[in-house]
Amino acid sequence: MPTPLRLESFAACLPGLEPLLADELRALGAVPRPLRGGVAFDGDVELAMRACLWLGTASHVLLRTASFPCRALGELERKARDLPWRAWLRAEVAIDVRATAHASRIYHTGAIAERIGNALGAVFGRPPRTPRDDEPAAGVHVRFQRDVCTISLDATATPLHRRGFRLDGRKAPLREDLAHALLRAGAFTPDDALLDPFCGSGTIAIEAAAMALGLAPGRLRPPALEHLALFDPDAWQRVRSAPAPIAAAATAPRIAAGDRDAGAIEAARQNAERAGVAGAIEFTLGAFTAHPWWQEGGAPPRGLLATNPPFGRRVGQVDRLLPLYQSLGHRAAALPDGWRTAVLAHDVRLARRTGLPLRAAWTTRHGGLAVTALVGERA
């Protein structure tokens, strides 16, 4: 069947990142409509593909395929059977049905998923195959809101924040979409230098290097929509060959990442190799106070200090970290005038003890904890 000319889409993100995501979509030529938990936009297949390839702060791009009133499970299965599933899904691809319900007569999400599975079985002549382990699957999202059922398809087989380069995340891995959001909050540009003195597995530095080199966040994933019947290989080739929405750096990037943990540095190097940006990052092993860029004349004249410093969860840890944050603030204040700061803070009060003039750019949750991006110019 022919691919629909227009698609109603929804780019999902962590709460608090919607304005950044709207700006990214606007740069791709979309007209964004920010909502809670994401941004809606309309466009053709190529725009949906561009979104999957280039969005850095999104976690999913969902294609809205059907919406109808529904108040009973039997009605749901009957109406679902009449939908053009063969125009949307490929029979050989595993299917992952997920359901949510709010303020509706139908509220049992397991029963909702079961009835959608029954409808798919009737259409394809056999029950849908569930994915095995980490097998890519076609995500079917069923949402009930005030007795209206909305069905969406995930435009990629894996979440967008999984870039595909990180095999070792160390003890506290930072999601790639949060790293991207921190860089955008700090107004990072391809021509800026970047310093992360607590790099861990290297996520912030790798995101910055990719931005500086003009590389798409989704470059390592399989083609968008490839797991769906909506896939258009010619459209994907046009998307891949089109100019980047942001120009690469005019000169070689200056990206520095340091950590005192040798295992973290090795993991960061390997992640950078898989991401194709290792040549753009200077890795340094040692205490953060010994990084050469802190020395007078060591740092480039313009850049962004972007980092996710250690934080304490247990009583007493915060007091032990206070000298570290004070030292970070002292060294950041000594950077050249063209430098800015972006700190991902799990404890805003502790981060403010740096003494830097920081303001909150966004707040969301990561690993079950509230995190805030604090940004500011050099004092």
Side-chain angles (χ1 to χ4, degrees), residues 170 172 174 179 182-183 185-209 211-212 249 251-269 271-272 277-312 318-348 350-359 361 373-379:
R170 296 286 94 189
L174 178 66
L182 182 67
L183 293 169
F188 178 76
T189 70
D191 291 318
D192 280 329
L194 180 120
L195 171 61
D196 180 1
F198 306 103
C199 73
S201 58
T203 307
I204 294 174
I206 291 170
E207 283 291 306
M211 293 171 70
T251 59
R254 293 293 308 276
I255 312 292
D259 204 285
R260 65 184 305 167
D261 185 329
I265 288 292
E266 181 58 27
R269 289 184 191 276
N271 288 336
V277 298
I281 304 176
E282 305 169 20
F283 291 102
T284 302
L285 173 63
F288 93 91
T289 53
H291 196 281
W293 282 19
W294 297 130
Q295 309 304 317
E296 184 175 355
R302 170 187 169 85
L304 176 68
L305 168 64
T307 191
N308 177 25
F311 62 98
V318 171
D319 291 340
R320 291 196 294 271
L321 287 173
L322 181 57
L324 181 145
Y325 277 78
Q326 291 173 330
S327 182
L328 175 63
H330 176 73
R331 282 162 172 76
L335 287 169
D337 291 343
W339 277 74
R340 306 175 308 283
T341 304
V343 176
L344 190 64
H346 297 264
D347 186 328
V348 173
L350 180 60
R352 292 199 184 280
R353 297 299 293 271
T354 60
L356 298 171
L358 300 174
R359 60 175 178 81
L374 297 174
V375 300
E377 303 290 335
R378 195 186 72 85

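For clarity, every value in this text was computed on a predicted model and none was experimentally measured. Heavy atoms only: backbone and side chains are in, while hydrogens, waters and symmetry mates are out. Quick note: residue numbers are just sequence positions, from 1.
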With a 6.0 Å cut-off (strictly less than), is the heavy-atom count around CZ of R352, excluding the residue itself, greater than 12?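 Yes, because the 6.0 Å sphere around CZ of R352 holds more than 12 heavy atoms from other groups.
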Of L328, L344, V343, N308, which meets side-chain contact (heavy atoms from CB on, under 4.5 Å) against F198?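 Of all the options given, the one that passes is L328.
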Partners of E282 by salt bridge (charged side-chain N to carboxylate O under 4.0 Å, His left out), sequence neighbours excluded?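 E282 satisfies salt bridge (charged side-chain N to carboxylate O under 4.0 Å, His left out) with R254 once adjacent residues are dropped.
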Which atoms form the tightest heavy-atom contact between [X] and [Y], and what is the distance?
X: V375; Y: A342; answer: CG1-CB, 3.9 Å
X: I255; Y: F188; answer: CD1-CZ, 4.3 Å
X: A345; Y: L374; answer: CB-CD1, 3.8 Å
X: A205; Y: L194; answer: CA-CD2, 4.1 Å
X: I206; Y: S201; answer: CD1-O, 4.2 Å

Set of side-chain hydrogen bond (donor to acceptor under 3.5 Å, both in side chains) partners for [X], sequence neighbours left out:
X: R353; value: none
X: T354; value: none
X: R302; value: D192
X: Q326; value: none

Could you tell me which residues satisfy side chain to side chain contact (heavy atoms under 4.5 Å, CB included) with P190, sequence neighbours excluded, listed by chain and number?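 By the side chain to side chain contact (heavy atoms under 4.5 Å, CB included) rule, P190 matches I246, A249.
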Output all residues satisfying side chain to side chain contact (heavy atoms under 4.5 Å, CB included) with A278, sequence neighbours left out; order by chain, then residue number.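 Testing A278 for side chain to side chain contact (heavy atoms under 4.5 Å, CB included), a comparison that skips the adjacent residues, returns A272, E273.
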Show every salt bridge (charged side-chain N to carboxylate O under 4.0 Å, His left out) that has at least one partner inside residues 193-209, sequence neighbours left out.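 Of all non-adjacent pairs touching residues 193-209, those that pass salt bridge (charged side-chain N to carboxylate O under 4.0 Å, His left out) are R163-E207.
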Only distances under 3.5 Å count here; give the side-chain donor-acceptor pairs of residues 283-298 to other protein atoms, sequence neighbours excluded, each with its distance to 0.1 Å.
from, atom 1, to, atom 2, distance (Å)
H291, ND1, W293, N, 3.1
W294, NE1, F288, O, 2.5

